[in-house]
Amino acid sequence: MRNVKVWAKKLKRGSMRWERESDVLALQWVDNKPVSLLTSIDSANDTMPVTRRTKTRGVYDKVELVQPYALYICN
């Protein structure tokens with residue numbers, strides 16, 4: 001999972017990629033910036049909806065994204 005910033009520039013907020021090797025899951029999710037996580041107890045398939053604010057043409061709107069559950073329980 002190299003070049004995180006290059007990968008994230010091409011994608012929209014809420015995009016995700018993951019890779020599993022043995023018992024370790026490497027997970028990356030794009031919020032305002034890329035968020036990375038290594039875990040041995042979670043799954044990349046478990047997700048949950050989250051609400052974020054985004055500014056469009058000077059006005060803030062709420063958008064709903066899908067976030068990996070592993071990142072939610074870390075907060």
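Quick note: numbers below take in every heavy atom, side chains included, and nothing from hydrogens, waters or symmetry partners.
Residue Gly14 comes nearest to Trp29 through the heavy atom pair O-NE1, 3.4 Å, listed as atom of the first residue, atom of the second, then distance. The two residues Leu25 and Asp42 come nearest to each other via the heavy atoms CD2-O, 3.7 Å. Residues Leu37 and Ala70 share a closest heavy-atom pair of CD2-CB, 3.6 Å. When all heavy atoms of Gln28 and Ser36 are compared, the closest pair comes out as NE2-OG, 3.2 Å.
No side-chain donor-acceptor contact under 3.5 Å links Ser22 to the backbone of Val24.
Arg53 has no carboxylate O lying under 4.0 Å from a charged side-chain N of Asp61, or vice versa, which leaves the two without a salt bridge.
By the side-chain hydrogen bond (donor to acceptor under 3.5 Å, both in side chains) test, Arg20 is found to be paired with no residue, residues two or more places apart in sequence or in another chain being considered.
Contact annotation: the side chain of Glu64 approaches that of Pro49 to within less than 4.5 Å [non-hydrogen atoms, C-beta and beyond]. Contact annotation: the side chain of Leu27 never approaches that of Thr39 to less than 4.5 Å [non-hydrogen atoms, C-beta and beyond]. Looking only at side-chain heavy atoms (C-beta outward), Arg52 and Thr54 stay at 4.5 Å or farther from each other. The shortest distance between side-chain heavy atoms of Val66 and Met48 does not fall below 4.5 Å.
With rounding to the nearest 0.5 angstrom, the CE atom of Met16 is 12.5 Å from the CG atom of Leu65.
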